[in-house]
Engineer: 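Mind having a look at this structure? Questions to follow.
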Amino acid sequence: MQATRDGFEMPRHVAIIMDGNGRWAAARGLPRVEGHRRGVEALRKTVRAASDLGIAVLTIFSFSSENWSRPQSEIRDLLALLRRFIRNDLADLHKSNVRVRIIGERDDLSGDIRSLLEEAEDLTRGNDGLVLVVAFNYGARQEIARAARRLAIEVAAGRLSAEAITPELLARQLDLPDLPDPDVIIRTSGEQRLSNFLLWQAAYSELVFVPINWPDFDRATLESAIAEYRRRERRFGGLIAQTGS
Ligand code: FPP
């Protein structure tokens, strides 16, 4: 955590499972895509708020490895929204000194999506404001398996001994080894599970579940989720509460 101007402690890394777009739309008799569209607006507000609050890293679960099992039409809508988000918002994010980083499996994405993701990373590489980590085609088990595969290749080649493999060594093979683990993971829509999101990095994260759907999330909801996180004592398996920094 880091202290802010008002003396409160901010989590350094906040991760969000943006859930409930479909339910938000259904409750209003609207098509699911309208929920996703409003979800993008909530995302814009949240990025701005996180930046203003002095949070260092914001990770968002935007498309999971398992989302490919949704109907083709919904996948098309989600990919179109991602394209539009990068095309319309990238310049603003850059102007706001946001650095975009992507986690997830890129190899099986179409060329145009891969290029857009790379463009977002390349343009913002030199920024030192909020780090926005977009989890796209992401699954935590897949990420851990990729890391294990890399280590196995090293062992098979005789460059690493199996006995040398520790949690720290494996963690260095994960998608963003240089970032701190999330202090808090927020999930909207009232569901209370991680759904294959950041399973390794979540070992000591506080989990905050908020009962509203993602399109209704805004600065006030972010602040109250952070307030809930602050009320928790973090012990990291020990006896004395720690600050997480
Ligand atoms: C969950 O709602 C949300 C998603 C599957 C994707 C989140 C996507 C966005 C906020 C918009 C796209 C943004 C980018 C940057 C691509 P759900 O459909 O699972 O809702 P439900 O559980 O109510 O059906």
Side-chain angles (χ1 to χ4, degrees), residues 1 11-17 56-70 75 79 82 99-128 130-187 193-207 234-240 242-245:
M1 288 197 282
R12 276 194 302 171
H13 184 172
V14 174
I16 306 185
I17 302 175
V57 185
L58 175 69
T59 298
I60 51 156
F61 204 2
S62 75
F63 194 90
S64 78
S65 307
E66 289 72 31
N67 284 155
W68 297 110
S69 63
R70 293 192 177 201
I75 292 174
L79 294 179
L82 176 78
R99 178 171 180 194
V100 178
R101 300 182 72 176
I102 315 287
I103 55 174
E105 181 56 72
R106 296 206 203 178
D107 288 353
D108 41 350
L109 295 176
S110 68
D112 75 309
I113 295 275
R114 265 207 314 260
S115 319
L116 278 173
L117 298 178
E118 275 160 25
E119 185 190 329
E121 286 181 316
D122 290 345
L123 179 70
T124 62
R125 198 174 301 282
N127 293 345
D128 60 4
L130 175 76
V131 177
L132 175 64
V133 179
V134 180
F136 191 81
N137 194 24
Y138 175 84
R141 287 179 172 178
Q142 291 82 341
E143 179 190 25
I144 295 166
R146 275 198 301 279
R149 205 176 304 133
R150 284 186 202 120
L151 293 178
I153 290 170
E154 293 301 298
V155 172
R159 291 189 290 264
L160 178 70
S161 86
E163 290 68 34
I165 296 176
T166 58
E168 293 72 27
L169 196 75
L170 192 140
R172 284 211 285 277
Q173 300 298 325
L174 296 173
D175 285 357
L176 290 177
D178 56 317
L179 294 185
D181 289 341
D183 299 294
V184 54
I185 299 180
I186 300 167
R187 181 171 189 151
R193 52 179 178 271
L194 285 175
S195 301
N196 204 16
F197 186 49
L198 302 178
L199 296 182
W200 179 284
Q201 299 86 340
Y204 291 104
S205 305
E206 292 294 333
L207 307 180
R234 304 185 75 198
R235 297 180 199 276
F236 294 90
L239 291 178
I240 300 165
Q242 293 178 22
T243 61
S245 52

Engineer: Just checking, any donor-acceptor pair under 3.5 angstrom between side chains of Thr124 and Arg101?
Structural biologist: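 No.
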Engineer: Looking only at heavy atoms, what is the nearest atom pair of Val14 and Pro11, with distance?
Structural biologist: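 It is CG2-CG, 3.6 Å.
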Engineer: Looking at residues at least two apart in the chain, or sitting in another chain, which of them share a side-chain contact (heavy atoms from CB on, under 4.5 Å) with Asp128?
Structural biologist: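 Applying side-chain contact (heavy atoms from CB on, under 4.5 Å) to Asp128 gives Asn97.
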Engineer: Given Leu117 and Phe136, is the side-chain contact (heavy atoms from CB on, under 4.5 Å) satisfied, shown in steps?
Structural biologist: CA-CA 9 Å; Leu117 298 178; Phe136 191 81; 4.2 Å; yes
Engineer: Name the one of Val131, Val134, Val133 that satisfies side-chain contact (heavy atoms from CB on, under 4.5 Å) with Thr59?
Structural biologist: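 When Val131, Val134, Val133 are each tested with Thr59, the side-chain contact (heavy atoms from CB on, under 4.5 Å) holds only for Val133.
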Engineer: To the nearest 0.5 angstrom, please state how far the CZ atom of Arg187 sits from the CD1 atom of Ile17.
Structural biologist: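 Reported value, rounded in 0.5 Å steps: 5.0 Å.
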Engineer: Just do the side-chain contact (heavy atoms from CB on, under 4.5 Å) check on Leu58 and Ile16 with the steps written out, would you?
Structural biologist: CA-CA 8 Å; Leu58 175 69; Ile16 306 185; 3.9 Å; yes
Engineer: Can any side-chain N or O of Arg114 pair as donor or acceptor with the backbone N or O of Asp107 at less than 3.5 Å?
Structural biologist: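 Side chain of Arg114 to backbone of Asp107: a pair is present.
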Engineer: side-chain contact (heavy atoms from CB on, under 4.5 Å) for Ile75 and Asn67? Distances and angles first, verdict last.
Structural biologist: CA-CA 8 Å; Ile75 292 174; Asn67 284 155; over 6 Å; no
Engineer: Given side-chain contact (heavy atoms from CB on, under 4.5 Å), test Leu82 with Ile113 step by step and report yes or no.
Structural biologist: CA-CA 8 Å; Leu82 176 78; Ile113 295 275; 4.1 Å; yes
Engineer: Tell me every residue that passes side-chain contact (heavy atoms from CB on, under 4.5 Å) with Asn137, counting only those two or more places apart in sequence or in another chain.
Structural biologist: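 Testing Asn137 for side-chain contact (heavy atoms from CB on, under 4.5 Å), a comparison that skips the adjacent residues, returns Ser65, Trp68, Glu105, Asp108, Leu109.
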Engineer: List in chain and number order the residues that pass side-chain contact (heavy atoms from CB on, under 4.5 Å) with Ala135, two or more places apart in sequence or in another chain; answer none if no residue qualifies.
Structural biologist: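 Listed in chain order: Phe61, Ile103, Tyr138, Phe197.
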Engineer: Report the residues that fulfil ring-ring contact (aromatic ring centres under 6.0 Å, His included) with Trp200, sequence neighbours left out, ordered by chain and then residue number.
Structural biologist: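 Expected list: none.
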Engineer: Determine whether a donor-acceptor pair (N or O, by modelled atom type, separation under 3.5 Å) exists between the side chain of His13 and the backbone of Pro180.
Structural biologist: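 Such a contact is found between His13 side chain and Pro180 backbone.
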Engineer: Measuring from atom OG of Ser205 to atom CD1 of Ile186, what distance do you get when rounded to the nearest 0.5 angstrom?
Structural biologist: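 Interatomic distance, Ser205 OG to Ile186 CD1, rounded to 0.5 Å: 11.0 Å.
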Engineer: Step by step, work out the salt bridge (Lys or Arg N to Asp or Glu O under 4.0 Å) result for Glu121 and Arg106.
Structural biologist: CA-CA 13 Å; Glu121 286 181 316; Arg106 296 206 203 178; 2.9 Å; yes
Engineer: Give me the atom names and distance for the closest heavy-atom approach of Ala164 to Leu169.
Structural biologist: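 For Ala164 versus Leu169, the nearest heavy atoms are O-CD2, 3.6 Å.
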Engineer: What's the separation between atom OG in Ser62 and atom CD1 in Ile102, rounded to the nearest 0.5 Å?
Structural biologist: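 Separation between the atoms: 8.0 Å.
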Engineer: CG of Leu174 to CZ of Arg146: how many Å apart, nearest 0.5 Å?
Structural biologist: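 So the CG of Leu174 and the CZ of Arg146 are separated by 9.0 Å.
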Engineer: Please report, to 0.1 Å, the donor-acceptor pairs under 3.5 Å made by any side chain of residues 150-158, with sequence neighbours excluded.
Structural biologist:
from, atom 1, to, atom 2, distance (Å)
Arg150, NH1, Gln173, O, 2.6
Glu154, OE1, Arg159, NE, 2.9
Glu154, OE2, Arg159, NH2, 3.1

Engineer: Once you round to the nearest 0.5 Å, how far does CZ of Arg12 lie from CG of Asp181?
Structural biologist: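 If I round to the nearest 0.5 Å, the distance is 9.0 Å.
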Engineer: Could you work out, with side-chain contact (heavy atoms from CB on, under 4.5 Å) as the rule, every residue matching Asn196, not counting sequence neighbours?
Structural biologist: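 Listed in chain order: Glu66, Ala140, Arg141, Gln142, Leu199.
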